[in-house]
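As structure tokens, the structure follows; a few thoughts come after it.
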Amino acid sequence: MPGEPQADCLFCKIVAGEVPATVVRETETTVAFRDINPQAPTHILVIPKGHYADAATLAAEAPQLVADVLREAGTVAAEEKIAVRDGGPGTGYRVVFNTGTGAGQTVFHAHAHVLGGRGLNWPPG
Ligand code: AMP
Ligand code: ZN
């Protein structure tokens with residue numbers, strides 16, 4: 001069944017409370033927690049509670065959850081005060097879905113990285 005927990009999935013274990021995480025927000029369908037290896041002053045992961053391997057799979061199998069994840073990304077950014085749109089350094093934020101090992105995906109449970117609190121280069125590395 002799409003979305004069913006996977007026994008060997010780290011983020012399913014975080015959803016189940018079997019692996020500790022610094023949770024900053026939770027809804028009926030999502031969890032947001034701090035990345036254990038932050039790449040910016042604010043680096044939060046927003047995940048659907050259900051297991052989907054990546055963002056495209058999530059969009060294909062549970063499109064409403066994509067909206068839930070992106071809404072929560074915006075709420076987290078607002079709460080972290082990185083969502084200000086004045087154009088100065090350290091304002092604004094980036095939402096990233098690494099997809100595939102060649103793009104840096106290491107956990108195959110869909111997750112949005114919410115990054116901010118410093119200047120963010122474009123194009124990204
Ligand atoms: P990705 O490489 O895009 O699949 O992102 C996976 C992210 O999960 C990485 O940024 C890791 O630092 C992060 N991560 C791995 N284990 C944990 C954990 N136990 N708690 C929080 N974040 C984690
Ligand atoms: Zn999972």
Side-chain angles (χ1 to χ4, degrees):
M1 276 269 284
E4 288 293 303
Q6 300 295 304
D8 59 349
C9 173
L10 173 64
F11 287 177
C12 284
K13 289 179 181 161
I14 287 178
V15 171
E18 294 165 11
V19 167
T22 306
V23 173
V24 297
R25 282 186 60 81
E26 183 170 0
T27 68
E28 199 178 317
T29 57
T30 65
V31 183
F33 53 93
R34 293 198 188 277
D35 196 292
I36 205 168
N37 182 23
Q39 302 302 312
T42 292
H43 186 173
I44 291 170
L45 303 176
V46 183
I47 69 171
K49 287 183 174 174
H51 180 93
Y52 301 87
D54 56 33
T57 306
L58 182 68
E61 297 188 352
Q64 178 57 47
L65 293 180
V66 178
D68 292 351
V69 166
L70 289 179
R71 187 194 61 250
E72 282 301 301
T75 302
V76 158
E79 288 186 356
E80 294 283 313
K81 305 200 185 324
I82 57 173
V84 183
R85 296 180 188 178
D86 67 5
T91 64
Y93 63 97
R94 190 165 292 161
V95 180
V96 175
F97 292 90
N98 293 329
T99 303
T101 51
Q105 187 175 7
T106 58
V107 178
F108 289 84
H109 179 132
H111 51 280
H113 295 260
V114 181
L115 296 150
R118 63 167 169 80
L120 296 167
N121 293 333
W122 191 261

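In what follows, every heavy atom counts, from backbone to side chain, and hydrogens, waters and symmetry copies are set aside. Nothing fancy with the numbering, it's 1 onward along the sequence. Ligands are counted one by one from 1 in listed order, and the atoms in each one are counted from 1 as well. As the structure is a computational prediction, the values presented were derived from the model and not from experiment.
When each of E28, E26, E72 is tested with K49 by the rule salt bridge (Lys or Arg N to Asp or Glu O under 4.0 Å), just one qualifies, namely E26. Each of V15, T29, V69, T30 was scored for a side-chain contact (heavy atoms from CB on, under 4.5 Å) with I47, with one residue passing: V15.
Looking only at heavy atoms of the protein, atom 2 (O) of ligand 1 is closest to G104 O, 2.7 Å. Atom 4 (O) of ligand 1 has as its closest protein heavy atom T106 N, 2.7 Å. Annotation: atom 11 (C) of ligand 1 to nearest protein heavy atom, D35 OD1, 3.4 Å.
An angle of 110° is found at the Zn ion (ligand 2) between H109 atom ND1 and C9 atom SG, rounded to 10°. Rounded to 10°, the angle formed at the Zn ion (ligand 2) by SG of C12 and ND1 of H51 is 110°.
Between H113 and H111, a ring centre-to-centre spacing shorter than 6.0 Å is recorded.
Near R34, meaning under 4.0 Å from any of its heavy atoms, are these atoms of ligand 1: 21 (C). Shown in contact with N98 at under 4.0 Å from a heavy atom are these atoms of ligand 1, numbered in order with element: 3 (O). Near F11, meaning under 4.0 Å from one of its heavy atoms, ligand 1 places the atoms 8 (O). Heavy-atom proximity to N37, at under 4.0 Å, picks out these atoms of ligand 1: 12 (O).
Inclusion of H43 in the set of residues having an N or O under 3.5 Å from an N or O of ligand 1 is not warranted. Checked by distance only, ligand 1 and L45 stay at 3.5 Å or farther apart across all their nitrogen or oxygen atoms. Checked against a 3.5 angstrom limit, the closest N/O atoms of L10 and ligand 1 fall outside it.
Hydrophobic clustering of Ile, Leu, Val, Met, Phe, Trp and Tyr side chains at less than 4.5 Å, counting indirect connections, keeps L115 apart from F97. Follow the hydrophobic side-chain contacts under 4.5 Å out from L120 and you never reach V96; the two are in separate clusters. Tracing side-chain contacts under 4.5 Å through hydrophobic residues (I, L, V, M, F, W, Y), one never reaches F33 starting from V76; they form parts of separate clusters.
We find the CG-CG distance between N98 and D54 to be 11.0 Å, quoted to the nearest 0.5 Å. Remark: F11 CZ to L45 CG distance equals 5.0 Å, nearest 0.5 Å.
Here F108 has no heavy atoms under 4.0 Å from ligand 1, in either its backbone or its side chain.
Every heavy atom of A21 sits 4.0 Å or more from the atoms of ligand 1. Put simply, part of H111 is less than 4.0 Å from ligand 1, judged by heavy atoms.
One finds no salt bridge joining R25 and E80 here, because no Lys/Arg side-chain nitrogen approaches an Asp/Glu carboxylate oxygen to under 4.0 Å.
Here atom 20 (N) of ligand 1 lies nearest to I36 when heavy atoms of I36, T22, T99 are compared.
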